[in-house]
Amino acid sequence: MIDLRLLRDDPETVRLSQRARGESESVVDDLLRADEQRRSAVGRFEALRAEQKQLGKRMPRAEAEEKAELLRRTKELSAEVKAAEAAVTEADATLRRAQYAIPNVVEEGTPPGGEDDYVVLREVGAKPEIENPRDHLELGEGLRAIDVERGAKTSGSRFYYLTGVGALLQLGLLQLAIAQAVEYGFVPTITPALVKPESMEGTGFLGSHASEVYRLEADDLFLVGTSEVPLAAYHSGEILDLAEPARYAGWSSCFRREAGSYGRDTRGIMRVHQFDKVEMFSYCRPEEAHAEHLRLLGWEEEMLAKVEVPYRVIDVAAGDLGTSAARKYDCEAWVPSQGRYREVTSTSNCTTFQGRRLNVRYRDEQGRPQVAATLNGTLATTRWLVPILENHQQPDGSVRVPKALQPYLGGRDVLEPN
RNA sequence: GGAGACUUCGCCUAGUCUGGUCUAUGGCGCCGCACUGCUAAUGCGGUUGGGGUCUUAAAGCCCCUCCCGGGUUCGAAUCCCGGAGUCUCCGCCA
């Protein structure tokens with residue numbers, strides 16, 4: 001949720017942000033009104049409550065006649081206080097709803113517009129020259145690494161088995177990611193994949209992405225779509241020491257319903273209901289967030305370099321940011337069979353938006369608690385197998401193994417079909 | 001799944017039976033000051049968090065906060081109901 005002080009002091013910034021996202025500006029005025037109403041309700045309640053407490057203090061010492069008088073007044077007050085309190089509760093709820101209706105304020109410099117209005121920041125690495133490239137599924141089946149038929153048999157479409165070198169490749173990739181994260185001081189973390197509603201809510205995934213989320217109704221739990229969720233909720237309600245950013249690298253399976261993506265990426269493991277991921281997550285001081293964001297992007301690029309895959313970096317446009325993000329950079333890897341770049345990482349600066357919802361704070365120089373900024377970024381996912389297999393394929397259907405992954409595949413430098 | 005115990009302002013803890021003087025006790029830690037010729041000891045003071053109001057800002061004042069939500073009452077840390085979490089024991093089980 002956004003900062004109410006910012007809203008009061010500078011509502012125009014919030015309106016501009018809404019415009020850049022292509023979203024409603026009237027919700028800004030709704031929120032301003034709700035804020036005003038809550039404050040006046042609080043004022044009424046507190047005045048009544050103060051009187052009630054004053055009179056209550058005299059009660060034990062009061063003599064018979066005074067006592068009767070006091071009782072009469074305090075009985076009235078009791079009802080008034082109760083009503084005023086109910087009004088505050090309602091105003092709080094209205095305010096909260098209005099606050100939840102507004103996504104994070106976009107960072108200055110974010111390209112305006114929608115999904116197609118991204119800006120390409122750079123392209124890195126040479127695209128391989130491959131004649132009639134096989135796609136990742138054909139390669140994966142040849143290597144007996146990917147089995148979507150049996151995935152569909154047991155679980156339905158968009159499920160798969162990784163077997164043999166496929167399993168080793170994924171485990172190697174994820175371990176490489178964890179190793180890199182540890183090298184840079186991240187705390188490697190294996191997270192819960194099921195979370196409570198407030199954790200899901202606090203991360204901002206029950207807004208526009210609600211239909212993407214698996215819910216276990218019998219237990220009122222949600223399956224996470226990314227370990228960002230349990231990592232963000234990890235320190236909820238806490239006051240952290242953020243002299244240095246607190247960095248976690250989460251390893252978890254991720255679950256997505258992919259509602260509304262019927263017909264898109266139906267082949268192979270490009271878009272699936274369940275996959276594994278190593279995710280970087282940082283808590284830091286707000287003034288440090290911008291620099292931290294660029295660091296996360298740098299670490300993503302370092303991982304892409306290790307798997308020797310060409311990619312480009314895009315600056316995602318405001319309308320495609322998602323609820324919590326103020327700025328987002330995606331790395332897209334080259335996929336030869338499709339002749340285009342496809343998203344393999346995404347790093348978001350959520351500024352204090354999640355921190356405020358989840359109540360994560362730190363102490364500033366004066367020792368006062370302040371809301372922490374949060375950031376996240378992908379270090380490796382199952383989807384990475386697609387560009388890895390395709391870019392390193394050879395005409396006979398074998399696949400070269402990037403040097404960094406070789407130790408995880410028993411030292412092999414080539415995977416042969418069998 | 002069954003039974004019981006517990007949850008207090010960073011940590012530990014008093015208070016709950018018997019509602020008002022709880023504006024929540026004490027210790028530890030932490031911060032400041034004083035003193036002592038060293039970073040030790042001692043003394044004094046401070047130390048939950050959120051919100052409102054006022055203000056350039058701070059201070060002040062007020063409200064909320066004793067796990068959460070209801071209820072009883074003029075008044076709830078305290079009594080009642082519901083929920084969550086932790087622990088112990090029993091049962092079942094990978």
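Protein chains get the first letters and strands the later ones, always in sequence-line order, with residue 1 at the start of each. In what follows, every heavy atom counts, from backbone to side chain, and hydrogens, waters and symmetry copies are set aside. Keep in mind that this is a model prediction, so the values were computed, not measured.
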Minimum-distance nucleotide (side-chain atoms of [X] versus [options]):
{"X": "A/A50", "options": "B/G51, B/A76, B/C62", "result": "B/C62"}
{"X": "A/K53", "options": "B/C74, B/C63, B/A59", "result": "B/C63"}
{"X": "A/R49", "options": "B/G49, B/C64, B/G52", "result": "B/C64"}
{"X": "A/R363", "options": "B/G49, B/U53, B/C64", "result": "B/G49"}
{"X": "A/K57", "options": "B/A59, B/G52, B/U23", "result": "B/U23"}

Base paired to [N] (Watson-Crick or G-U; both N/O distances under 3.5 angstrom):
{"N": "B/A41", "answer": "none"}
{"N": "B/A59", "answer": "none"}
{"N": "B/A3", "answer": "B/U88"}
{"N": "B/C30", "answer": "B/G46"}
{"N": "B/U18", "answer": "none"}
{"N": "B/A94", "answer": "none"}
{"N": "B/C66", "answer": "none"}

Would you indicate, yes or no, if [N] has its OP1 or OP2 atom less than 4.0 angstrom from a side-chain nitrogen or oxygen of [X]?
{"X": "A/R8", "N": "B/G52", "result": "yes"}
{"X": "A/K82", "N": "B/G70", "result": "no"}
{"X": "A/R38", "N": "B/G52", "result": "yes"}
{"X": "A/S78", "N": "B/G75", "result": "yes"}

Which whole-number value in Å describes the distance from [X] [atom1] to [N] [atom2]?
{"X": "A/E238", "N": "B/G49", "atom1": "CD", "atom2": "C1'", "result": "15 Å"}
{"X": "A/M1", "N": "B/G50", "atom1": "CE", "atom2": "P", "result": "14 Å"}
{"X": "A/E76", "N": "B/C74", "atom1": "CD", "atom2": "P", "result": "13 Å"}
{"X": "A/R73", "N": "B/C74", "atom1": "CZ", "atom2": "C1'", "result": "12 Å"}
{"X": "A/D92", "N": "B/C68", "atom1": "CG", "atom2": "C1'", "result": "16 Å"}

ask   = Side chains of A/L242 and A/Y283: closer than 4.5 Å at any heavy-atom pair?
value = yes
Separation of the [atom1] atoms in [N] and [M], to the nearest angstrom:
{"N": "B/G2", "M": "B/C92", "atom1": "P", "value": "15 Å"}
{"N": "B/C12", "M": "B/G29", "atom1": "P", "value": "15 Å"}
{"N": "B/C87", "M": "B/U72", "atom1": "P", "value": "35 Å"}
{"N": "B/U8", "M": "B/A76", "atom1": "C1'", "value": "14 Å"}
{"N": "B/C93", "M": "B/C11", "atom1": "P", "value": "40 Å"}
{"N": "B/C81", "M": "B/A5", "atom1": "P", "value": "13 Å"}
{"N": "B/U16", "M": "B/U7", "atom1": "P", "value": "13 Å"}
{"N": "B/C67", "M": "B/C62", "atom1": "P", "value": "25 Å"}

Please classify the nucleic acid contact of [X] as base, sugar-phosphate, or nothing, using heavy-atom distances under 4.0 Å.
{"X": "A/R361", "value": "sugar-phosphate"}
{"X": "A/Q52", "value": "sugar-phosphate"}
{"X": "A/R356", "value": "nothing"}

query = Quick one: on RNA chain B, does A/T89 or A/R368 contact a more 5' nucleotide (nearest heavy atom)?
reply = A/R368
key: Toward the 5' end of RNA chain B, by each residue's nearest nucleotide, A/E85 or A/G43   = A/G43
task = Show your working on side chain to side chain donor-acceptor pair (under 3.5 Å) between A/T154 and A/Y161 and close with a plain yes or no.
result = CA-CA 10 Å; A/T154 39; A/Y161 287 82; 3.3 Å; yes
ask   = Given A/R400 and A/D413, is the salt bridge (Lys or Arg N to Asp or Glu O under 4.0 Å) satisfied, shown in steps?
value = CA-CA 6 Å; A/R400 290 186 299 104; A/D413 57 359; over 6 Å; no
query = What are the two closest non-hydrogen atoms of A/T382 and A/L162, and how far apart are they?
reply = CG2-CD1, 4.5 Å
request  = Look at the side chain of A/Y248 and the backbone N and O of A/E228, then say whether any donor-acceptor pair between them is shorter than 3.5 Å.
outcome  = no
request  = Mark yes or no for whether A/E308, through its side chain, and A/K403, through its backbone, hold a donor-acceptor pair below 3.5 Å.
outcome  = yes
inquiry  = Could you check whether atom CZ of A/R150 has more than 12 heavy atoms from other residues, nucleotides or ligands sitting under 6.0 Å from it?
reply    = no
